[in-house]
Amino acid sequence: MAIKYELIKECKQTGARLGRLHTPHGIIETPIFMPVGTQATVKAMTPEELKEMEAQIILSNTYHLYLRPGHDLVKEAGGLHKFMNWDRPILTDSGGFQVFSLGELRKITEEGVTFQSHIDGSKHFLSPEKVMEIENALGADIIMAFDECAPYPADHDYVKKSLERTTRWAVRCKDAHTNTENQALFGIVQGGMYKDLREQSAKELIALDFPGYSIGGLSVGEPKELMYEVLDYTAPLLPKDKPRYLMGVGSPDALIEGVIRGIDMFDCVLPTRIARNGTAMTSVGKIVIKNAKFTRDFSPLDPNCSCYCCKNYTKAYLRHLYKADEILSSRLMSTHNLHFLIDLMKQVRQAIMEDRLLDFRNEFFERYYGISHL
RNA sequence: GCGGCUGUCGUCAAGCGGUUAAGACAAAGGACUGUGACUCCUUCAUACGUGGGUUCAAUUCCCAUCAGCCGCC
């Protein structure tokens, strides 16, 4: 087996899980936030910088690397770890989400997905077998099954057909995935916002005995309360001895709420994307650095932060960099936001250890959102 | 001093008889959740150098004046 999940303890206040995930490239402490590096790079960050902020695992993307530079080339380079100079664990997403976000450019059939490259318009075909070939070539520690992420809203009938196809694709992925010693294949639970469908999807996938499970099809535009409701009844369906990964979630509140509902892993482009667009997450809430009120603010982004950005630079300087369209703006803001979420999860783990995650949540929400959220 | 050209939002700049006076940049605010994203959205000239005149109507035509630029002495 490529990975092994070790449940250390459950928070007495919330039931949140504290654990360790053993992978071929090291141990990950869970719950964890995974920075996203779609194109074999976490945008604007070097691996050394990611290590300095204590990133333990990063995510990359099958769809993008298949189109460019091509999985054969990555394999020729010695695999994704070597290619991008990252020796810690990597998870690759399957391209299922791109099928969803590509919209007009794709056509889904039982066999797979025909789509046009967003880069040059060329036609391609991805099937579960092809995706496994690509992910095997890339060589990540954890690889995702090829799924369909249903849109929101979607009617019951469509979501049911979609999830059943995702299950059939999961079977095909499992059959096609041979490198089980070095790469753990995760199944993806779908089912939209329907309880019976989430139950059906979870049941079908658990029967296939994957080393880990993720919950997909959330954070696709539905209200947060609805997402929490889906998590409330979906997470408990999953095996306790396997890691649970909520895909695409990264706002501080959703991370905490997810952990409370039993999630172990998260990934999201949010911290790096909003960083590049000038927004920082801080211990006292969001900051839009371009706002005029920061023109002469010579204090750090977050007074309670120990990241490289906060230790060395002021809001006034960061605002200047952003407005001047300087590359360093993206680098420093990304450094901070990633550090912020990684550190948030560290605090969450500590709170679970001490059986006070609910207290931590309430304190955090009050500081970050200025509301009790009780 | 004499010719010529130009004066429209902080900047550049369309419009040349009846327009809600384009657009771009800047500025101000917002969004972003398995990255098609240094992207996207919103707001931003009762005002067209100034004063007269012609006209039903003038940023658009005429005169004067001021300012800038380019020539020539």
Side-chain angles (χ1 to χ4, degrees), chain A residues 33-45 57-65 67-68 90-106 115-121 124 131 135 140 142-150 152 166 186-190 212-224 227 245-255 257-258 263 265-281 286-295 319 321-334 337 341:
Chain A
F33 175 77
M34 307 182 281
V36 176
T38 302
Q39 309 203 71
T41 169
V42 176
K43 292 187 194 296
M45 295 288 100
I57 172 174
I58 61 176
L59 182 144
S60 199
N61 190 281
T62 299
Y63 167 86
H64 294 273
L65 296 179
L67 285 180
R68 183 172 56 192
I90 298 176
L91 181 154
T92 44
D93 187 23
S94 64
F97 187 76
Q98 280 61 47
V99 169
F100 156 77
S101 66
L102 230 40
E104 302 292 289
L105 298 175
R106 86 319 194 235
F115 64 93
Q116 271 187 285
S117 161
H118 69 277
I119 300 166
D120 61 7
H124 299 267
V131 168
E135 295 200 87
I142 298 171
I143 64 178
M144 302 307 298
F146 192 47
D147 68 327
E148 186 200 345
C149 178
Y152 173 83
T166 289
F186 278 29
I188 303 175
V189 176
Q190 290 291 347
Y213 295 91
S214 69
I215 298 173
L218 290 179
S219 205
V220 287
E222 79 283 8
K224 269 181 182 164
M227 177 173 86
Y245 163 28
L246 175 56
M247 309 184 81
V249 164
S251 61
D253 54 339
L255 290 178
E257 295 293 353
I263 302 299
M265 305 162 70
F266 304 84
D267 81 282
C268 196
V269 304
L270 195 66
T272 42
R273 178 179 289 172
I274 68 175
R276 277 176 278 119
N277 293 327
T279 300
M281 299 186 258
K286 278 201 304 192
I287 281 183
V288 180
I289 200 62
K290 69 181 168 184
N291 287 0
K293 62 183 171 185
F294 300 124
T295 307
R319 173 176 139 92
L321 291 180
Y322 181 80
K323 300 206 62 130
D325 203 24
E326 282 292 338
I327 293 168
L328 189 57
S329 168
S330 291
R331 289 182 33 69
L332 293 177
M333 295 288 282
S334 294
N337 280 350
L341 289 189

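Below, chain A is the first sequence line, B the second, and so on; all start at residue 1.
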Does A/N277 place a side-chain N or O at less than 4.0 Å from the phosphate oxygens OP1/OP2 of B/A37? no
When all nucleic acid strands are considered with a 4.0 Å heavy-atom cut-off, which category describes A/I327: base, sugar-phosphate, or nothing? nothing
Using purine N1 to pyrimidine N3 plus N6-O4 or O6-N4 for Watson-Crick, or N1-O2 and O6-N3 for G-U wobble, both under 3.5 Å, which nucleotide pairs with B/G71? B/C2
So, is A/Q98 close to the B/G34 phosphate, meaning a side-chain N or O under 4.0 Å from OP1 or OP2? no
Taking a pair to mean Watson-Crick or G-U wobble geometry with both distances below 3.5 Å, B/A45 pairs with none
By the Watson-Crick or G-U definition, both distances under 3.5 Å, B/C25 is matched with B/G10
Hey, does A/G258 reach any base, or is it just sugar-phosphate, or nothing, if we go heavy atoms under 4.0 Å? nothing
Pick base, sugar-phosphate or nothing for A/L105, based on heavy-atom distances below 4.0 Å to the nucleic acid. base
First of A/S117 and A/S251 reached from the 5' end of RNA chain B, by closest nucleotide: A/S251
Taking any heavy-atom pair under 4.0 Å as a contact, classify A/S330: base, sugar-phosphate, or nothing. nothing
Taking C-beta and beyond as the side chain, do A/Q98 and A/D93 meet within less than 4.5 Å on heavy atoms? yes
d(CG, A/L270; P, B/A37) in whole Å: 16 Å
Between A/K290 and B/A27, does any side-chain N or O lie under 4.0 Å from OP1 or OP2? no
Could you check whether A/E222 gets within reach of a base, just the sugar-phosphate, or nothing at all, counting any heavy atom under 4.0 Å? nothing
If we take the P atom in both B/G4 and B/C63, what is their distance in whole Å? 11 Å
Taking a pair as Watson-Crick or G-U wobble with both distances under 3.5 Å, which nucleotide is matched to B/C56? B/G18
Determine whether a donor-acceptor pair (one donor, one acceptor, N or O, separation below 3.5 Å) exists between the side chain of A/S101 and the base of B/U35. no
Distance between the C1' atoms of B/C5 and B/G49, in whole angstroms? 16 Å
At under 4.0 Å, does any side-chain N or O of A/R276 touch on OP1 or OP2 of B/A31? no
Remember a base hit wins even if backbone is also touched, and classify A/D267 as base, sugar-phosphate or nothing at under 4.0 Å, heavy atoms. sugar-phosphate
Distance between C1' atoms of B/U50 and B/U6 (Å, rounded): 16 Å
For B/A64, what is the paired nucleotide under Watson-Crick or G-U wobble rules, both distances under 3.5 Å? B/U50
In the structure shown, which nucleotide is the Watson-Crick or G-U wobble counterpart of B/U35, with both distances under 3.5 Å? none
Work out how far the C1' atom of B/A58 is from that of B/U39, and round it to whole angstrom. 43 Å
Polar side-chain contact A/T279-B/C32 base: donor and acceptor under 3.5 Å: yes
Hey, is the side chain of A/N291 pairing donor to acceptor with the base of B/G29 inside 3.5 Å? no
Within the 4.0 Å heavy-atom criterion, would you say A/S214 contacts the bases, only the backbone, or no part of the nucleic acid? nothing
